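The structure presented is a predicted model; accordingly, all values stated were derived computationally and were not measured. All chains are named by letter (A, B, ...) in the order of the sequence lines, taking the proteins before the strands, and each is independently numbered beginning at 1. Heavy-atom basis, side chains included; hydrogens, waters and symmetry copies ignored.
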2 protein chains.
Amino acid sequence: MPRRRQAVTIKHVAADAGVSLQTVSRVINAEPNVREEMRGRVQASIDRLGYSPSIAAQRMSGSRSYLILTLNDRDRTIEAWRARQGSDWVDQMLLGGMLKCAEHGYRMLFELVDTHDDHVERELTATLAALQPDGVILTPPHSDNPKITAFLQSRRVPFARIGSKGKAGGIPLVMGDEDAARDATRRLVELGHERIGFIAGSKEYSLSEWRKAGWRSAMADASLPLDGLCVRGDFSYESGLAAARSLLALERRPTAIIASNDQMALATRDVAEEMGIAIPETLSLISFDNTPVTTFANPPLTAIDQPIAETVSRAVELLIAASRGEELPHLPVIVPAKLIERGSTGPAPLAG
Amino acid sequence: MPRRRQAVTIKHVAADAGVSLQTVSRVINAEPNVREEMRGRVQASIDRLGYSPSIAAQRMSGSRSYLILTLNDRDRTIEAWRARQGSDWVDQMLLGGMLKCAEHGYRMLFELVDTHDDHVERELTATLAALQPDGVILTPPHSDNPKITAFLQSRRVPFARIGSKGKAGGIPLVMGDEDAARDATRRLVELGHERIGFIAGSKEYSLSEWRKAGWRSAMADASLPLDGLCVRGDFSYESGLAAARSLLALERRPTAIIASNDQMALATRDVAEEMGIAIPETLSLISFDNTPVTTFANPPLTAIDQPIAETVSRAVELLIAASRGEELPHLPVIVPAKLIERGSTGPAPLAG
DNA sequence: CTGAAAGCGCTAACAC
DNA sequence: GTGTTAGCGCTTTCAG
């Protein structure tokens with residue numbers, strides 16, 4: 001194997017422009033103390049030679065690595081990929097993150113970390129040592145993992161926590177779950193629904209509680225009863241089946257149901273079909289997340305979109321801003337989620 | 001900003017183990033010329049101190065970067081992400097690639113490159129200079145882009161080409177499209193079908209022709225006619241509608257149709273429904289790719305799975321092997337695709 | 001405002 | 001087998 005070296009280095013540029021390495025470095029990093037004329041001359045050489053700095057070398061010399069690292073839960077992510085249920089969480093993260101990184105000349109890395117393991121710290125140490133990212137983005141449930149957040153804080157690596165409000169350091173960002181749940185519930189009330197069921201998600205994710213809180217508060221605002229209308233699932237299709245069955249077996253059956261994710265909504269639809277309950281004529285259905293399956297379902301599901309791309313994009317932006325010492329906005333950052341009306345919601349059936 | 005340095009470096013390990021840097025380096029890289037006893041001592045220090053080498057430094061010193069770079073088409077990928085049609089191509093690439101990389105202590109990077117641009121070379125130069133990957137994986141349609149393949153060859157960067165058989169250098173890997181199309185056609189013949197329509201994909205992708213060739217050859221083997229039974233689409237849902245309409249308007253209507261991707265198959269299903277043609281009773285339908293939508297469709301679609309994860313996994317494996325100077329298998333590498341039978345295929349209807 | 005020198009963490013090449 | 005030396009490409013001091 002030949003010792004592969006950089007084709008064109010800062011030296012070549014310096015020689016070509018007739019200046020010192022240092023001046024070229026200053027131009028690359030948009031630093032002050034360079035005359036405009038010099039800057040122009042150096043930039044011309046850079047363009048002509050097609051020079052691009054090696055991030056390895058930049059990192060080595062102790063400055064930035066121009067790398068933003070996204071950390072996802074290993075087991076869950078792999079399981080989701082293997083199951084091929086069509087969730088595009090990772091894709092949306094990449095969409096939002098990579099584009100924003102590119103805008104600022106950064107690269108986004110995507111890595112999996114094992115939470116089970118007792119050696120989360122070891123694994124993190126290794127990843128950070130190897131990659132030396134300028135910022136880290138944590139996704140649920142890592143965002144609330146005290147081992148991880150404490151470790152990152154101790155290492156003084158800037159990090160963002162998606163889907164977390166807690167005071168665990170770093171930059172927390174949430175996706176307007178509570179407001180969106182409230183909006184969805186209100187919309188159903190507008191449509192004349194009075195008994196609106198709610199299928200909650202696993203307590204392991206804090207957003208489960210936020211979603212539920214939104215529903216509760218909108219119900220309270222409308223002076224509607226909550227009795228027996230909330231059932232807990234765990235985000236799986238199976239748990240959705242059980243939850244839907246229990247809701248639809250109620251004496252005073254709900255005329256609308258909000259499910260805390262698409263899989264449980266799909267399960268609810270299937271239970272309704274099995275019971276001969278028509279959607280949306282007899283039962284309105286709203287789901288959370290708005291993964292691609294919502295549009296392929298029959299009828300297409302009205303859903304609350306989870307603005308993953310935008311949230312990750314914001315996270316990248318804030319991480320870069322923070323690394324430059326710029327001021328941060330009020331935390332947590334809230335990225336609003338929108339209700340997308342499709343075919344699974346309609347006016348409440350006439351009381352019978 | 002504090003000058004962030006490695007917490008524990010090779011020096012610390014060397015000091016701790018009482019050996020030279022070089023010996024530690026040899027242990028890290030599993031190189032020969034180290035006594036077992038030494039190796040053990042050094043490894044113990046590594047473990048105790050929680051040492052992990054900096055890939056930046058490793059790359060700097062002229063050896064490997066332990067980075068494999070995957071290049072996808074920028075516009076198409078972003079468009080697919082935005083459209084949220086549920087294609088999990090990227091996810092499957094990551095699944096196959098990241099896990100295999102991890103096995104060998106490599107990291108996988110995912111980047112987008114702009115093909116439109118006349119400055120593909122500039123963009124590639126910059127990416128390679130910045131990242132210095134040990135290997136590059138090209139996906140369609142990049143795999144057949146002569147600008148890209150020629151550039152990579154001139155730079156002597158090892159690369160793999162997914163979905164390409166051509167002699168453009170690097171390691172070509174294909175996903176058994178022709179064989180799979182043949183198998184699918186045969187299966188329909190077994191089920192008694194004699195008029196089997198085929199909706200081809202865009203010529204821009206070579207796999208379109210391979211799929212078509214498989215169908216043709218199986219039809220020929222069964223001495224079945226091809227007249228008017230092949231229509232070309234462009235992989236879009238809309239093109240699928242047109243193609244399906246023209247096939248189903250034939251005087252001697254096909255009793256089975258193979259669509260070159262899932263979107264066109266979905267379109268075919270919709271046209272059939274609109275015409276009152278029952279699936280699978282009156283029309284059998286097979287699609288290519290097996291993206292998640294196939295399982296959510298009604299009926300679930302019989303499909304030919306595209307083994308993306310496995311193919312990318314193989315690509316990583318071969319790239320790493322090649323970088324070690326190991327011998328490569330016969331090229332192109334063919335990763336077989338399997339037919340997955342679901343609810344859209346059945347026996348041919350009785351001749352009427 | 002610009003340049004020279006030192007060093008980041010690691011490995012290639014060579015000596016022992 | 002093992003250690004020593006000299007860089008890799010860049011940025012950080014610190015002089016001028």
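- Regarding contacts with the backbone of C:dT11, a side-chain N or O of B:Q58 is found under 4.0 angstrom from either OP1 or OP2.
- In this structure, A:R35 reaches the C:dT2 phosphate: one of its side-chain N or O atoms is under 4.0 Å from OP1 or OP2.
- Judged by closest nucleotide on DNA chain D, B:M38 is the one of A:K11 and B:M38 placed further toward the 5' end.
- What separates CE of B:M60 from C1' of D:dA6 is a distance of 13 Å, to the nearest Å.
- When only modelled atom types and interatomic distance are considered, B:Q6 and A:Q132 share a side-chain donor-acceptor pair under 3.5 Å.
- Ranking C:dT2, C:dG7, C:dT11 by closeness to the A:V34 side chain, first place goes to C:dT2.
- Place B:A57 and A:N29 on DNA chain D by their nearest nucleotides, and B:A57 ends up nearer the 5' end.
- Contact between the side-chain N/O atoms of B:S20 and the OP1/OP2 oxygens of D:dG3 is found at a separation under 4.0 Å.
- How far CG of A:L318 is from CD1 of A:I320: 9.5 Å, rounded to the nearest 0.5 Å.
- Nearest to the side chain of B:E31, among C:dA12, C:dG9, C:dT11, sits C:dA12.
- Comparing atom distances between the A:Q22 side chain and each of D:dG1, C:dC10, C:dA4 picks out C:dA4 as nearest.
- At the heavy-atom level, B:P32 lies nowhere under 4.0 Å from the strands shown.
- If you check C:dG3, C:dT11, D:dC10 against the side chain of B:I28, the one that comes closest is C:dT11.
- For B:T23 and D:dG3, the shortest distance from a side-chain N or O to OP1 or OP2 is below 4.0 Å.
- A donor atom on one side chain and an acceptor atom on the other are found under 3.5 Å apart for A:D134 and A:S65.
- For the pair A:Y66 and D:dC10, the criterion of a side-chain N or O lying under 4.0 Å from OP1 or OP2 is not met.
- Side-chain atoms of A:R26 and base atoms of C:dG3 include a donor and an acceptor less than 3.5 Å apart.
- Taking the six-membered ring for Trp and thresholds of 30 and 60 degrees, A:F110 and A:W81 have ring planes inclined between 30 and 60 degrees apart.
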